[in-house]
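To start, the structure itself, in structure tokens.
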Amino acid sequence: MVSTHPTGVQHSGSQYLPQRRDTNPNPSPNQELLPLTARVHDHDLLEIGGCDVTTLVKQFGSPLYILDEETLRSACQQYRDAFKQYYKGESQVLYASKAWNCLAVCAIAASEGLGIDVVSGGELYTALQAGVSPNKIYLHGNNKSREELILAIESGVTIVADNWYELRTLVEIAQPAQSIRIMLRLTPGIECHTHEYIRTGHLDSKFGFDPNDLDEVFTFVSQQSALNCVGVHAHIGSQIFERQPHQDLAAVMVQWLRDAAKYGLNITELNVGGGLGIKYTESDDPPSIEEWVKAICEVIQEACAAENLPLPKLLSEPGRSLIATACVTAYTVGSSKVIPEIRTYVAIDGGMSDNPRPITYQSVYRAVVANKMSSPLTQTVTIAGKHCESGDILIKNALLPKTEPGDILVVMGTGAYNYSMASNYNRLPRPAAVVVANGEANLILQRETYQDLIRQDRLPERLKK
Ligand code: LLP
């Protein structure tokens, strides 16, 4: 049976191609399923960044993360330009690199004028090695180690202080006459509708100072010459489609600015975090990057005017909406299992180790077959990973053309929290990643080898044969 669209039109993988540029010259990447450069060539083959996906897999192996540079740059530019357009004060977009932290991605974001948000010594080290300017790096984390704090201080990055333990540690390790540039992370007590694990702004969160402690925190910070507190920060969660929670947050944060002034603190920066969602399936309908930025800027400007406060430097730190849509993961189809009347499993050569989101958050993805883009979608199958775990299912009920071993299955929207959360479960080597642009593909992450897998293993003498 050939599946048909509600319009009666038979559909194929091509239905997921981005909106045509002639009708929308500047589509918001977070509102598309495939990267902006995706095309079908030679009738049936998927091309991204001018490169044929099946050829990329032959050249770089499978599975393969394919990052479209134009989509990533376009998202960076849309954030940057929207803040310029809608905010009358100074602004700075930071890339929340936890979404995908590696040298090439940090370098691309920085070359677009973005700063980088890092959450560990490892992410910080990577951003510095990528050449990101320390004055555009912000270190987060709810339990930064002394070593991480020292690295941050020595590198000259801003520390987003999360709790009392950290404030006291900073005062302790500061050199005489040193003034450490910090921001304060506060929990705004705002609920949003997203998965419980990726909500952070509600009161019962492990992140940030309790707003009821504001008085004590501002008093303490204002008395420490070792601490140069320049701003406040909050982040309410991830994959959010509603605009209201972020607008509420912006209004609450302006109240914090007003309160800080009473303690003699000269707070000039306000960081509203990230969280804008992306389209993972046809039914997802997030606001565009521009709409999200505009909504926040308006609230801050109105609230500052009402309080008679000068406009702060406005920072935001999106991760997912900058990079998720820019990347797809290409897998090779292998075995399949038909359970009559129940389900057909089609297995691919990766799974929960390269994309742990479905098993962790029940995240839903869509896929196309890169070598059958125009074929009718005739079967509903379950895409199974190759791990020894029944829950290792990438997509339930994927509507696909008839697949055969060797077909290249492309899962869309995998740029955020896939590589960065990847593991070696079952000792699968992590895939390679390439960046594609103008018909050229460059390796940005080498595929791990079996030697890499045992590189950190040590075999005590007495266990050797
Ligand atoms: N800023 C802070 C302080 C954050 O904690 C996060 C995300 C962001 C910015 C970026 O948020 P985004 O724009 O990407 O929504 N692993 C989960 C997502 C965890 C998000 C953690 N924090 C997932 O795969 O959905």
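Ligands are counted one by one from 1 in listed order, and the atoms in each one are counted from 1 as well.
- Under a 3.5 Å cut-off, the side chain of Asp68 and the backbone N or O of Ile48 do not form any donor-acceptor pair.
- Looking at ligand 1, you won't find any N or O of Gly237 less than 3.5 Å from one of its N or O atoms.
- Contact atoms of ligand 1 toward Arg357: 23 (C), 24 (O), 25 (O) (distance under 4.0 Å to a heavy atom of the residue).
- Residue Gly319 holds the heavy atom nearest to atom 13 (O) of ligand 1 of all those in Pro356, Gly319, Ser420.
- A salt bridge is absent between Asp452 and Arg447; no separation between the charged side-chain nitrogens and carboxylate oxygens falls under 4.0 Å.
- Ligand 1 has a nitrogen or oxygen under 3.5 angstrom from a nitrogen or oxygen of Glu317.
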Under the criterion salt bridge (charged side-chain N to carboxylate O under 4.0 Å, His left out), I'd like the reasoning laid out for Lys294 against Glu298: C-alpha separation, chi angles, the key distance, then a yes or no.
CA-CA 6 Å; Lys294 181 169 183 261; Glu298 280 173 0; 3.4 Å; yes
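- The option from His140, His235, Met421 that lies nearest to atom 8 (C) of ligand 1, judged by heavy atoms, is His235.
- Shown are Leu227, Val217, Leu265; of these, the side chain to side chain contact (heavy atoms under 4.5 Å, CB included) with Ser222 is made only by Leu265.
- At a 4.0 Å heavy-atom cut-off, ligand 1 does not touch Val119 at all.
- Within the listing of ligand 1, atoms 12 (P), 13 (O), 14 (O), 18 (C), 23 (C), 25 (O) sit less than 4.0 angstrom from a heavy atom of Arg320.
- Ligand 1 lies nowhere less than 4.0 angstrom from a heavy atom belonging to Ser321.
- Looking only at distances, no side-chain donor or acceptor of Thr71 sits under 3.5 Å from a matching main-chain atom of Pro35.
- Within the 3.5 Å criterion, the main-chain N or O of Pro211 finds no donor-acceptor partner in the side chain of Thr187.
- Note on Glu448 versus Arg430: salt bridge recorded, some NZ/NE/NH1/NH2 to OD/OE distance being below 4.0 Å.
- Using a 4.0 Å cut-off between heavy atoms, Phe207 makes no contact with ligand 1 at all.
- By the 3.5 Å distance cut-off applied to N or O atoms, Arg185 is not counted among the residues near ligand 1.
- Of all atoms in ligand 1, listed by their number and element, those nearer than 4.0 Å to a heavy atom of Asp117 are 1 (N), 9 (C).
- Where the criterion is an N or O separation shorter than 3.5 Å, residue side chain and backbone included, Gly275 meets it with respect to ligand 1.
- Taking 4.0 Å as the cut-off, Pro318 counts as a neighbour of ligand 1 on heavy-atom distance.
- Near Ala96, with a cut-off below 4.0 Å to any heavy atom, the atoms of ligand 1 are 8 (C), 9 (C), 10 (C).
- Under a cut-off of 6.0 angstrom, the local environment of CD in Gln446 is sparse, with at most 12 non-hydrogen atoms contributed by other residues, nucleotides or ligands.
- Glu166 has a carboxylate O that lies under 4.0 Å from a charged side-chain N of Lys144, or vice versa, which qualifies the two as a salt bridge.
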